[in-house]
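Read through the structure below, which is laid out as structure tokens, and then see the notes.
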Amino acid sequence: MVKKVETVFVGMSGGVDSSVTAALLKEQGYRVVGVYMKNWSQDLPGLPCPWKQDYQDAKRVAVQLGIDFKMYDFEKEYRHKVVDYMIAEYQAGRTPNPDIMCNQEVKFKLFLDTALADGADLIATGHYARTVHSSGNSKFQAPNLVLDPDRGSKQIPKTNDQNSKHAGLYVAANAEKDQTYFLYRVTEQALARTLMPIGDFETKDEVRALAKKLGLATAAKKDSQGICFVGKVGIRDFLSQYVTTKPGAIKDQNGIVIGEHDGAIFYTIGQRHGLDVGGGLPYYVIGKDMQKNEVYVTTDLDDENLWKNELKLTDVHWINDPPEEGKTYQVRTRYRAPLTPGKIKIAQNNTHRSTSSNREERCEVFLEESVRAVTPGQSAVIYDGDRVVGGGIVV
RNA sequence: UGGGGCGUGGCCAAGUGGUAAGGCACCAGUUUUUGGUACUGGCAUUCGCAGGUUCGAUCCCUGCCGCCCCAG
């Protein structure tokens, strides 16, 4: 029996990680097609958009590897699904996480669908995370899969639907670089089609070393950071392009006006800098009122508004089964924040719900310890050991 | 205008005759696929102004300017 050579479309950003991803999959015998997703190309004041450079770097690597290469233009959808969402959220007084939305809507929906329609069997990205498939196609297995008896067979949910594959999302071997926080909204169906070989690397140095060994053009390229399209411009300058702001009062914990800000939209809970108010102890933002255009701050690091152990989530998304009531999970309320143990209570919703969509559904999280600066608009991601259960948007 | 106090970088604030602590803010860098946090570094040739005493003054003296408090 001849095994069919599977075709995998690799999202290549022009960085090291996705370059190595493509190289590894080629080495493993896949037919690899590199794809550069053009999500944003507009220059912003002070900073030209680096998309051409990134595209060329990706292309260069593709040529080196001898793989096909193409570009998908998602600018319109990206603008609509990610940028507009982000701006609207900020205007509503929340602090959104555009990269989570980018993964949900663009990389693991639009890109996936486009690739599948374009001849792909699978897609791959350079994320620091691991997918585990039930189909047996995957060469990547979660290390603790067999070691943790508690999880047992629950790990890969059973179903009657023979056509849909099943998959789980697991944290990267390199816990420091783990990016599952940005991926919790990806669907199981998408994960079942996704490979993330970089998730098996224990250090970034190993990734770079491999890139260097393979002679990839991107081996020494500096890590990118910041919102992909905003780059180094900064959220402040970016937002200013789209919304008009007015100065307003900054009030301390006693209600005293201690300064003036240039737009409440620019501030987020827990923020310290940018207030331009000095005089003794540092001030931290504990809240804001978009209606009044006021920002509230405190010098008290123990201020009750800065620490929360109960949070409500909306727009929840569970990759596999919803969390079990009464069970203790680990919760992360912001990227790279420490995990905090807690229990999840799913809110009863009267409205009908198909199993595939959990939007509108809410839940409550009860943490064993208070965490700092829980912020509306940010996500709380729930883990069961190494497995990502899902999460929701903080209300 | 009587009495007392004070005026040190954007803010708070030590110093008090030997050549300007510290904190906040700000700036830069590090960390980071959000925002933020955190970490590291930078940041007053100058102490309200003008004179004087002194080898030497932010610190002593005089005058002026400004502020605050009490008294009235």
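Sequence lines set the chain letters: A, B, ... in the order given, protein chains first and strands last, and positions in each chain run from 1.
- Counting non-hydrogen atoms under 4.0 angstrom, A:Y90 reaches the backbone sugars and phosphates but no base.
- Residue A:S379 is classed as having no contact, given no heavy-atom separation below 4.0 Å to the nucleic acid.
- With P as the reference atom, B:C61 and B:C69 are 25 Å apart, rounded to whole Å.
- Across the P atoms, B:G17 and B:C6 are found 16 Å apart, a figure rounded to whole Å.
- Residue A:G274 is in sugar-phosphate contact alone, with no base atom involved, counting any heavy-atom pair closer than 4.0 Å across all strands shown.
- Going from the C1' atom of B:G9 to that of B:G15 covers 16 Å, rounded to whole Å.
- Using a 4.0 Å heavy-atom distance criterion, A:Q179 is classed as a base contact.
- Taking the C1' atom of each, B:C43 and B:U33 are spaced 32 Å apart, rounded to whole Å.
- For the pair A:D300 and A:L306, the tightest heavy-atom approach, listed with the atom from each and the gap, is O-CD2, 4.3 Å.
- Counting non-hydrogen atoms under 4.0 angstrom, A:H273 reaches the backbone sugars and phosphates but no base.
- Taking the P atoms as reference points, B:C27 lies 16 Å from B:G10, given to the whole Å.
- Contact of A:Q271 with B:U37 (side chain to base): no donor-acceptor pair of N or O atoms is detected under 3.5 Å.
- Checked against B:U31, B:U33, B:C26, the side chain of A:R336 finds its nearest nucleotide in B:U31.
- Across B:G23 and B:G5, the matching P atoms stand 32 Å from one another, rounded to whole Å.
- Taking atom P on both B:U37 and B:C24, the two are 13 Å apart, rounded to the nearest angstrom.
- In this structure, A:G280 reaches the bases: a heavy-atom distance under 4.0 Å links it to at least one base atom across the strands shown.
- The P atoms of B:G35 and B:C49 are separated by 44 Å, rounded to the nearest whole Å.
- The residue A:L275 sits close only to the backbone: its heavy atoms come under 4.0 Å of sugar-phosphate atoms, none of a base.
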